[in-house]
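In what follows, a structure is listed as structure tokens, so that the remarks can point back to it.
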Amino acid sequence: MIVVFNTLSRKKEQIIPVQDKQIKMYTCGPTVYDYAHIGNFRAYVFEDILHRFLEYAGYHVIRVMNITDVDDKTIAGAVRENLSLNQYTQKYIDGFFQDMESLKLKKATYFPRATQHIPEMVELIKKLLAKGHAYEKAGSIYFRISSFPDYGKLSHYNFEQILSSQTDEDEYEKEQAQDFVLWKGSKDEPFFWETDIGKGRPGWHIECSAMSMKYLGETFDIHTGGIDNIFPHHENEIAQSEAATGKKFVNYWLHCAHLLVNGEKMSKSKGNFYTLRDLLGKGYNPIAIRYLLMTTHYRDPLNFTEKSLRQAENTVSHLQAFYQRVCFALKKPGMENKEIEIFIDSASKGFYDAMSDDLNISAAMSEIFKFISNINDFFEKDMISAMDAKKITKFLKKVNEVIEIIEPDIEELSEDKISLIKEREKARKEKDFKKADEIRSYLSTQGILLEDTKYGTRWIRK
RNA sequence: GGCCAGGUAGCCAAGUGGCAAGGCAGCGGUCUGCAAAAUCGCUAUUCACCGGUUCAAAUCCGGUCCUGGCCUCCA
């Protein structure tokens, strides 16, 4: 049983999919006017862990991540650089996919782009117009929130509160200041579409309703995003979608908390604004960034500092070193050790149980670290045989399908390096430590770290 | 002003009525030719603060302080 915190009810709820063993999930993706920053990636890493854990738990996940390639900022960027909208956004779309690879973010099943789904949005808007949930004013089309009594159910703002809220927008043409735009009419804007509902471009919210329902159906399981999306974006998605279909739009809404940098909101003016590229440029390990972003529970604020990133780098390299140590034992003859299986079962259960409880990753990781500590004890006594090592690597690879912290493919050493290691062992026996140290430091420059144990020398890749 | 989170060791971070997980860093021991790695031990009598309930509170209740977010650009 997997339980998640649903923003709609503000309670933890058991996930029961619309269709047995299949989860349909929508995540708000990037607006491609610039490279994504680590705050954005906190959300994407959270969604990645959710996606991967659902698969680990045996669900078939169908996931959509949209790409917003038309909005005020992308338009402004394209105009500034005198490019077409597609030319301008392509650079950032490519950048986003590169960044996803750096952080080992699993690909969604679909990455629909707003500009390629204008007809679907137009259809949805027509439906809303026909049902009286939308109206046209001066070429633009607005959603009439007074026609949707559930408005506010996700953000838990009450209707009066929303209606009385101040807005400094110059939106006098709307019936009510809080109505939001579905379609922005265009007179002399650089980018527009000619459609049945007029010349213009879509409002921000409509793409997510149109694209999610196209790929996932009118009612689907999970919708995720950052908490700042709760209002107005997700609230508006619910209004548009449920007003159009008369059906419940999404069963589980999951939102992750913000990332702070040195205790403050990240902003360009404060100079604490990091893109993933900035951090990689400083030489940080992308896997450590992934680890740091995922190890604070997704509903708690995460305070990002370079100090904690360096700590994460150490943790990640210890994990990798452990994995390599196990791999090194894959060729070691010896008896099977029954206790190993008990440790695996216990860690496996502990990991699953923790993750099932609203993705409690810290508790889940602590199971893994305790497991490692137990196994290291056996290494100390030289009691890990090939059969044991095989089981351990199998378990670690399975868990790694969720956490993606370990690099599972270890390259074999070349023949000449293996003979160098043998040569060094011989030198050590002959007390020729000068030669032994030379070989060790040479191999170190080749990225090979030697560990002399009382049972012989083993190597790991740095 | 309304709504929502958070405050646990030097740092990061679980735990939400029954002896305070785990990681990083540090110190001491073992191992080692020296290292590295590993390992053992130590590092929070106390969970922002003040009251209350209870046999028992980090956890529940009331209040206070601090930090952050949302309230129509936002992950």
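Letters A, B, ... are given to chains in the order of the sequence lines, protein chains preceding strands, and every chain is numbered from 1. Values below: all heavy atoms of this structure, side chains included; hydrogens, waters and symmetry mates excluded. As the structure is a computational prediction, the values presented were derived from the model and not from experiment.
Contact check on A/K104 versus A/D48 returns no salt bridge, with no Lys/Arg side-chain nitrogen under 4.0 Å from an Asp/Glu carboxylate oxygen. Electrostatic pairing of A/E189 and A/K184 does not count as a salt bridge here, judged by no charged N lying under 4.0 Å from a carboxylate O. A/K391 and A/D345 are not joined by a salt bridge, as no carboxylate oxygen comes within less than 4.0 angstrom of a charged side-chain nitrogen. Electrostatic pairing of A/K106 and A/E401 does not count as a salt bridge here, judged by no charged N lying under 4.0 Å from a carboxylate O. A salt bridge between A/K332 and A/D388 is absent, with no side-chain N of the basic residue lying under 4.0 Å from a carboxylate O of the acidic one. Between A/E412 and A/K331 a salt bridge is recorded (basic side-chain N to carboxylate O distance below 4.0 Å).
Counting non-hydrogen atoms under 4.0 angstrom, A/L292 reaches nothing in the nucleic acid.
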Could you please spell out the steps behind the ring-ring contact (aromatic ring centres under 6.0 Å, His included) verdict for A/Y215 and A/H117?
CA-CA 11 Å; A/Y215 295 97; A/H117 293 78; 5.6 Å; yes
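The gap from the C1' atom of B/C60 to that of B/C47 amounts to 15 Å, rounded to the nearest Å.
For A/D300, the listed nucleotide lying nearest its side chain is B/A14; candidates were B/A14, B/G33, B/C4. With distances taken from any side-chain atom of A/K307 to the nucleotides B/G69, B/C3, B/C11, the minimum falls on B/C11. Of all nucleotides listed (B/G68, B/A38, B/U72), B/A38 comes nearest to the side chain of A/N376.
Residues in residues 136-148 of chain A take part in these salt bridge (charged side-chain N to carboxylate O under 4.0 Å, His left out) pairs, two or more places apart or across chains: A/R144-A/E175. Judged as a ring-ring contact (aromatic ring centres under 6.0 Å, His included), the pairs with a partner in residues 303-324 of chain A (not counting sequence neighbours) are, in order, A/Y274-A/F304.
The distance from atom NE2 of A/H258 to atom P of B/U67 is 19 Å, rounded to the nearest whole Å. Following rounding to the nearest Å, A/I384 (CD1) and B/A38 (P) show an atom-to-atom distance of 15 Å. Rounded to whole Å, atom P of B/A36 lies 12 Å from atom CD of A/E451. The nearest whole Å value for the distance from the NE2 atom in A/H297 to the P atom in B/U8 is 17 Å. The distance between atom CG of A/D353 and atom P of B/G15, rounded to the nearest whole Å, is 14 Å. Following rounding to the nearest Å, A/D358 (CG) and B/A5 (P) show an atom-to-atom distance of 13 Å. One atom, CZ of A/F304, and another, P of B/A13, lie 12 Å apart when rounded to the nearest Å. The nearest whole Å value for the distance from the CG atom in A/L154 to the P atom in B/C70 is 16 Å.
When the nearest nucleotides of RNA chain B are assigned to A/R458 and A/Y298 by heavy-atom distance, the more 5′-ward of the two goes with A/Y298.
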Strand RNA chain B as a dot-bracket string - pairs counted if Watson-Crick or G-U with both distances under 3.5 Å, | where the partner lies in another strand:
(((((((..(((.....[...))).(((((.......))))).....(((((..]....))))))))))))....
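With ring centers used as reference points, A/F5 lies 6.0 Å or more from A/Y252. Checked against the 6.0 Å centroid threshold, A/F371 and A/F351 do not count as a close aromatic pair.
Applying the side-chain hydrogen bond (donor to acceptor under 3.5 Å, both in side chains) rule to A/D179 yields the partners A/Y135; only residues at least two apart in sequence or on another chain are considered.
Residue A/T295 places none of its side-chain N or O atoms closer than 4.0 Å to OP1 or OP2 of B/A13. Regarding contacts with the backbone of B/G68, every side-chain N or O of A/N303 stays at 4.0 angstrom or more from both OP1 and OP2. Contact between the side-chain N/O atoms of A/R299 and the OP1/OP2 oxygens of B/A5 is not found at any separation under 4.0 Å.
At a cut-off of 3.5 angstrom, counting only N and O atoms as typed in the model, there is a donor on one side and an acceptor on the other between the side-chain of A/D437 and the base of B/G33. Interface remark: the A/R440 side chain does form a donor-acceptor pair with the B/A35 base, using a distance-only criterion of under 3.5 Å.
Shown for residues 24-37 of chain A: residues whose heavy atoms fall under 4.0 angstrom of RNA chain B, namely A/H37.
For the atom pair CG (A/L182) and CE (A/M121), the distance works out to 11.5 Å, reported to the nearest 0.5 Å.
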B/S/- contact track for nucleotides 21-32 of chain B, protein heavy atom under 4.0 Å
BSBBS-------
